[in-house]
Novice: 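Got a structure here, written out as structure tokens. Questions coming.
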Amino acid sequence: MGLDMYLSAKRYIWKSGDSDKDIQDKLNEVVKDDLPDGMRVNEIAVDAMYWRKANAIHGWFVENCQEGEDDCREYYVERKQLEELRDLCKATLDGDDEGELEPTEGFFFGSYEKDEWYYKDLKDTVEGLDKALSLPNSYEFYYPLVGKGE
């Protein structure tokens, strides 16, 4: 039990071009036995990033993407916001005290110290967001992915 955090990347494929139609047909073939007639797959969703008890990162998402409301709902995250988070993590790792992310307290949120795990979370965030941001612009991002693993 604890703070498990997911950034999902979703790409809608519903009637959006020949290549997407091919993808959609293949996906529907895979799940054809699961879906009643008339239902079709209309998006691809991938786990773009996962964090465990990275409470400073979670706090940033709550304040910057969820209007300060930590309510376990899924929120759209703009690419620009992910770039800002990545750059803030880089600045903190480079010793820029003005840009430092502060640990956030909460139930089962882990350590509130700026220890080796805190800095590892920041490093992992930079690397993970670089990968996520390399996805084509047809992917949109959402945080958190509610219900994952429950």
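One-based numbering along the sequence shown.
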Novice: To the nearest 0.5 angstrom, please state how far the CD atom of Glu102 sits from the CG atom of Asn55.
Specialist: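 Here the rounded value is 10.5 Å.
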
Novice: Would you call the rings of Phe61 and Tyr143 parallel, tilted or perpendicular, where under 30° means parallel and over 60° means perpendicular?
Specialist: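 Because their plane-to-plane angle is under 30°, the rings of Phe61 and Tyr143 count as parallel.
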
Novice: Using the side chain to side chain contact (heavy atoms under 4.5 Å, CB included) rule, take Tyr75 and Glu69 through it: C-alpha gap first, then chi angles, then the decisive distance, then the call.
Specialist: CA-CA 11 Å; Tyr75 287 85; Glu69 189 70 32; 4.3 Å; yes

Novice: Quick check: does any side chain N or O of Glu78 sit under 3.5 Å from a backbone N or O of Gln81, one acting as donor and the other as acceptor?
Specialist: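 No.
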
Novice: Within 45° of the six-membered ring axis of Tyr142 and under 6.0 Å from that ring's centre, is NZ or CZ of Lys10 located there?
Specialist: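 Ring-cation test returns yes.
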
Novice: Using 0.5 Å steps for rounding, measure from the OH atom of Tyr6 to the CZ atom of Arg52.
Specialist: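 One gets 9.0 Å once the value is rounded to the nearest 0.5 Å.
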
Novice: When you compare the side chain of Leu101 with that of Leu85, does any pair of heavy atoms fall below 4.5 Å?
Specialist: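 Heavy-atom side-chain distance check passes, below 4.5 Å.
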
Novice: Kindly indicate, with the supporting measurements, whether the criterion side chain to side chain contact (heavy atoms under 4.5 Å, CB included) is fulfilled by Val46 and Arg11.
Specialist: CA-CA 9 Å; Val46 298; Arg11 176 179 169 198; over 6 Å; no

Novice: What pair of heavy atoms forms the shortest contact from Lys114 to Pro103, and how long is it?
Specialist: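 Closest approach of Lys114 to Pro103: CE-CD, 3.8 Å.
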
Novice: Taking all atoms of both residues into account, what is the closest heavy-atom pair of Glu63 and Gly68, and its distance?
Specialist: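 Between these two residues, the closest heavy atoms are OE2-CA, 3.9 Å.
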
Novice: Using a strict threshold of under 4.0 Å (side-chain N to carboxylate O), is an ion pair present between Glu83 and Arg79?
Specialist: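 No.
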
Novice: Does a side chain donor of either Tyr12 or Asn42 reach within less than 3.5 Å of an acceptor in the other side chain?
Specialist: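 Distance-only check fails for Tyr12 and Asn42.
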
Novice: Are Pro144 and Gln66 side-chain neighbours, meaning at least one heavy-atom pair lies under 4.5 Å?
Specialist: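 Yes, close enough: below the 4.5 Å cut-off.
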
Novice: Are any side-chain N or O atoms of Asp115 and backbone N or O atoms of Trp117, one a donor and one an acceptor, separated by less than 3.5 Å?
Specialist: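 Answer holds: yes.
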
Novice: Are Tyr139 and Leu133 co-members of a hydrophobic cluster defined by side-chain heavy atoms under 4.5 Å apart?
Specialist: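 The answer is yes; both residues are in one hydrophobic cluster.
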
Novice: With a 4.5 Å limit on heavy-atom distance, are the side chains of Leu122 and Lys90 in contact?
Specialist: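 No. Closest side-chain heavy atoms not under 4.5 Å.
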
Novice: What is the distance from atom CG of Asp121 to atom SG of Cys89, rounded to the nearest 0.5 Å?
Specialist: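 Taking CG in Asp121 and SG in Cys89, the distance rounds to 9.0 Å.
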
Novice: Give a yes or no on whether Met39 and Ile44 share a hydrophobic cluster (residues Ile, Leu, Val, Met, Phe, Trp, Tyr; joining criterion: side-chain heavy atoms under 4.5 Å apart).
Specialist: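 Met39 and Ile44: one cluster.
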
Novice: May I ask whether Val62 and Val77 are part of the same hydrophobic cluster, defined by side-chain heavy atoms of I, L, V, M, F, W, Y residues being less than 4.5 angstrom apart, directly or through others?
Specialist: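 No, because Val62 and Val77 fall into different hydrophobic clusters, even though each may have its own neighbours under 4.5 Å.
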
Novice: Which atom names give the shortest non-hydrogen contact between Ile13 and Glu43, and what distance separates them?
Specialist: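 Taking Ile13 first and Glu43 second, the nearest heavy atoms are CG1-N, 3.8 Å.
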
Novice: Are the charged groups of Asp25 and Lys32 less than 4.0 angstrom apart, N to O?
Specialist: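 Not counted as a salt bridge, because no side-chain N and carboxylate O are separated by less than 4.0 Å.
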
Novice: Over all heavy atoms of both residues, which pair between Glu74 and Ser8 is shortest? Give the atoms and the distance, please.
Specialist: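 Between these two residues, the closest heavy atoms are OE2-OG, 4.1 Å.
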
Novice: With hydrophobic residues grouped by side-chain heavy-atom distances under 4.5 Å, do Leu3 and Trp60 end up in a single group?
Specialist: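 Yes; Trp60 is reachable from Leu3 via cluster members.
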
Novice: Looking at CE of Met49 and CD of Glu127, how far apart are the two atoms once the value is rounded to the nearest 0.5 Å?
Specialist: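 Those atoms lie 8.5 Å apart.
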
Novice: Looking at every heavy atom in both Asn28 and Val41, which two are closest together, and how far apart are they?
Specialist: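 The pair with the smallest heavy-atom distance is OD1-N, 2.7 Å.
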
Novice: Scan residues 128-141 for pairs that pass salt bridge (charged side-chain N to carboxylate O under 4.0 Å, His left out), counting only residues two or more places apart or in two chains.
Specialist: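 Listed once each, the pairs are Arg86-Asp130.
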
Novice: Is there side-chain contact between Tyr118 and Thr92, with at least one heavy-atom pair below 4.5 Å?
Specialist: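 Of all side-chain heavy-atom pairs linking Thr92 with Tyr118, at least one is under 4.5 Å.
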
Novice: Is the closest side-chain heavy-atom distance between Leu7 and Leu129 below 4.5 Å?
Specialist: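 Result yes, sub-4.5 Å side-chain heavy-atom pair found.
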
Novice: Would you compute the distance between atom CH2 of Trp51 and atom CG of Asp124 and round it to the nearest 0.5 angstrom?
Specialist: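 Between Trp51 CH2 and Asp124 CG, I get 10.0 Å after rounding to 0.5 Å.
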
Novice: Roughly how far apart are Glu84 CD and Asn64 CG, rounded to 0.5 Å?
Specialist: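 Between Glu84 CD and Asn64 CG, I get 7.0 Å after rounding to 0.5 Å.
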
Novice: Same cluster or not: Phe141 versus Leu88, using hydrophobic residues (I, L, V, M, F, W, Y) connected whenever any side-chain heavy atoms lie under 4.5 Å apart?
Specialist: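 Yes, same cluster.
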
